[in-house]
Structure formats: structure tokens, C-alpha cells
Amino acid sequence: MLQSPRIEVLLDIKTTLGEGPVWDGESQRLHWIDSADGRIFRSTHDGRELRSWEVGEPIGSMAVSRDGSFFLAALKSGLHRIDVATGEQELLVDPEPDLPNNRLNDGKVDRQGRFVFGSMDTLEEQASGRLYSYTPEGQLNTLDDGIVVSNGPCFSPDGRTLYFSDTWTGLIWAYDYDPGTGQASNRRTFASVDTSSGGAADGATVDADGYLWQALVYGGKIIRYAPDGAVDRVIDTPVLKVTSLAFGGPDLDTLFVTSMAKPPLPRFPADGQQRGSLFAVSGLGVRGLAEPRFGA
């Protein structure tokens, strides 16, 4: 049974563009990023032991490696390996050397350990982005193209449905996903977002019941969708520019929500003093799914 949530500021660190929360169950640590300032953060579930890594350029998403020794990071210049102990960086692959106005954006690890991520046009106008997967063996595959702003990749509990959004189309898509090959097919509309109201689909996750949770950036809401795409629940947030979310904590029952302190383009709305905070939402009566490590 769904309950009334409690929303608290876990860390008021004013991330310019907070994004990409990932709960790592093995280390019992939350990771998230400042996409605009090029930083990776890590803390305990209650905000202690805060650490950060500077990556020197915009970052769209990250994953923890199988042995925990490095981060796989989607930077503007490509996928990089970032050593956790030293911060040293190694470029693994640049998927789009011919598209200087693009950058890599949101990504998630599938149940088999592949990193599924997308790219976007930095001006959020041209459909020059693509959806990719990158295997632990170093193989890059293109899953889809013609995308303006890639966001919200996540998987159903059985790993056979991939959800993904192109933010400004107002569409959340579902694909048939083959766990054996990592190929995506049969793209269809899962749900639609009314972007005329000022909000748009951003980061997303799936809970243990198979319901999709999505941050409505610029709209100040979190939306829970049933497996058939129907809106199941809407939660108002303290700031308009919530960006992404992930379940975590010892019992996977806290929803961690990132936000932005400064919008990337002047046409987007301003916000209150809690902008850029990392929020913790508890009392939802729902648990999330354990997120795999890259190469798991």
C-alpha cells in the first residue's frame, strides 16, 4: 500500500546540474554527478563520508565497475575509465567524434553488466543523439538514433523491457530488450508527458513491482507509472528542477532525487533556495531493485 512520503534535504551542495544517482549495494554507497561542473559524488545513505572526483568536463552518467576499482563515466569526449583511488582517467571510446555539438548523457547498466547510455545535442534542438550500449569486452553498439536529449534509460525487473525518453518529444518509450544480445527492438510509446505545462521527462528508475518512476524536470514532480503506462501516483517536490532519481539505502526503500541549481539554458525557470540539493524521499511503501555493476 502506498503511503504519504517524507521529503528531506540529504545534502545541500548546490550542484549546478545534479544528475544520475546510483545506489551501489556492495559498497552501500550512493553515487551521483554534477553534470555541468564535471564531478562525481559519493556518500552513505544518510549523507556522511562525502567524497568527490573532478573529471574536467561535462559528465552525463556513470557506473561502478565490477570490482569497484573504477568508474565508467560518460563524459563529453567519450566513455572514460576513472580510477577510484587515483582519479586517473583513460578514454575507452568516443562514439561521436564527428558531432562536436553533442555530448553523452544519461546511462544505466543492464542486468548482464552492459552500460546503456545516450547522447544529446547540447542546445537541445537537433535530433543528432543516439542510444548506445557498451559491453565489458569493449564493444560499442548503436541501439537507436534521431534523438534530441537522451534520458531515463532503465529496465523492467526481468530485464526484458528497456524504458527510455527523448525529453522534448514528451514521449517515454519501451523497447523489447534481449538480455542475451543486448539488442533493443519494437520501440513503442509507453507514456506521454505534456511538455506544454513546463515539465519534461528526465531521469527514471523502476521499482520492484515493475512501476516506472520519473523525474519531471522544470515541473517539480515525480511521477509513478504502472506497467501499462497509466499514471499511478504524482508527488510534488520542493523544487521545480528535479532531474533524476534512484532507490537505495540498506532496504532499497529510500528514493534519492537530484536537482539542478542553475538551468543549462536561459529559457528554463528559476527555483528556490533548495535548488541543487540532493533529496531523500522516505515512507513510500515501495522498494527498488538492486542496480548491477558494469561487467556484473
Side-chain angles (χ1 to χ4, degrees), residues 5-25 27-64 68 71-76 80 82-85 87 89 103-108 151-152 202-205 213-222 235-250 254-265 268-282 288 291:
R6 178 181 180 184
I7 304 176
E8 300 176 284
V9 173
L10 184 65
L11 287 166
D12 184 4
I13 53 175
K14 294 290 186 290
T15 47
T16 300
L17 179 47
E19 279 281 6
V22 178
W23 175 256
D24 181 54
S27 65
Q28 290 289 293
R29 294 293 183 272
L30 178 69
H31 301 75
W32 71 102
I33 63 174
D34 189 327
S35 187
D37 289 352
R39 289 180 291 169
I40 297 171
F41 295 96
R42 184 180 74 189
S43 80
T44 60
H45 74 280
D46 53 0
R48 295 177 296 107
E49 300 179 26
L50 179 64
R51 279 205 59 187
S52 65
W53 291 259
E54 293 186 350
V55 299
E57 59 182 287
I59 175 173
S61 51
M62 55 76 64
V64 180
F71 301 131
L72 181 68
L75 306 187
K76 187 180 190 308
H80 288 247
I82 299 176
D83 189 281
V84 171
Q89 296 178 210
R103 70 170 177 86
L104 302 186
N105 205 43
D106 208 355
K108 284 272 176 60
N151 260 317
D202 207 332
T205 192
W213 296 72
Q214 188 137 48
L216 194 70
V217 67
Y218 309 119
K221 298 181 187 300
I222 296 168
I235 298 172
D236 291 320
T237 58
V239 294
L240 290 174
K241 297 190 288 294
V242 287
T243 54
S244 192
L245 32 70
F247 283 96
T254 299
L255 189 64
F256 296 103
V257 182
T258 52
S259 66
M260 71 172 86
K262 183 179 179 182
L265 297 170
F268 297 133
D271 224 329
Q273 276 301 315
Q274 291 183 332
R275 64 189 183 277
S277 294
L278 173 70
F279 297 92
V281 186
S282 57
E291 292 289 347

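As a basis for the values below, the full set of heavy atoms in this structure was taken, side chains included, without hydrogen atoms, waters or symmetry mates. On a predicted model such as this, the values are computed, not experimentally measured, just so you know.
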Reported [atom1]-to-[atom2] distance for the pair [X] and [Y], which is rounded to 0.5 angstrom:
X: Q274; Y: K14; atom1: CD; atom2: NZ; value: 8.0 Å
X: Q89; Y: E54; atom1: CD; atom2: CD; value: 10.0 Å
X: R42; Y: D24; atom1: CZ; atom2: CG; value: 9.0 Å
X: D202; Y: S259; atom1: CG; atom2: OG; value: 11.0 Å
X: T254; Y: L245; atom1: OG1; atom2: CG; value: 13.0 Å
X: W32; Y: I13; atom1: CH2; atom2: CD1; value: 5.0 Å

Working for side-chain contact (heavy atoms from CB on, under 4.5 Å), residues V257 and I7 | CA-CA 10 Å; V257 182; I7 304 176; over 6 Å; no
Salt-bridge contact E57-R103 (side-chain N to carboxylate O under 4.0 Å) =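 Between R103 and E57 there is no salt bridge, as every charged N stays at least 4.0 Å from the carboxylate O atoms.
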Near R6 CZ, under 6.0 Å, is it more than 12 heavy atoms from other residues, nucleotides or ligands?
->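 For R6, atom CZ is not crowded (no more than 12 foreign heavy atoms under 6.0 Å).
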Parallel, tilted or perpendicular, as decided by the 30° and 60° cut-offs, for the rings of F256 and W23 =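 If you compare the ring of W23 with that of F256, the planes turn out parallel.
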N/O donor-acceptor pair under 3.5 Å between K108 side chain and T205 backbone =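 No; zero donor-acceptor contacts below 3.5 Å.
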side-chain contact (heavy atoms from CB on, under 4.5 Å) assessment of N105 paired with N151 = CA-CA 7 Å; N105 205 43; N151 260 317; 3.4 Å; yes
Return yes if a side-chain donor-acceptor contact under 3.5 Å exists between T243 and T258, otherwise no.
->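 Yes, T258 and T243 have a side-chain donor paired with an acceptor closer than 3.5 Å.
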What's the shortest heavy-atom distance between A73 and I59, and which atoms?
->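 Smallest interatomic distance, heavy atoms only, reads CB-CD1, 4.0 Å.
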Taking all atoms of both residues into account, what is the closest heavy-atom pair of K221 and T237, and its distance?
->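 Closest approach of K221 to T237: N-OG1, 3.7 Å.
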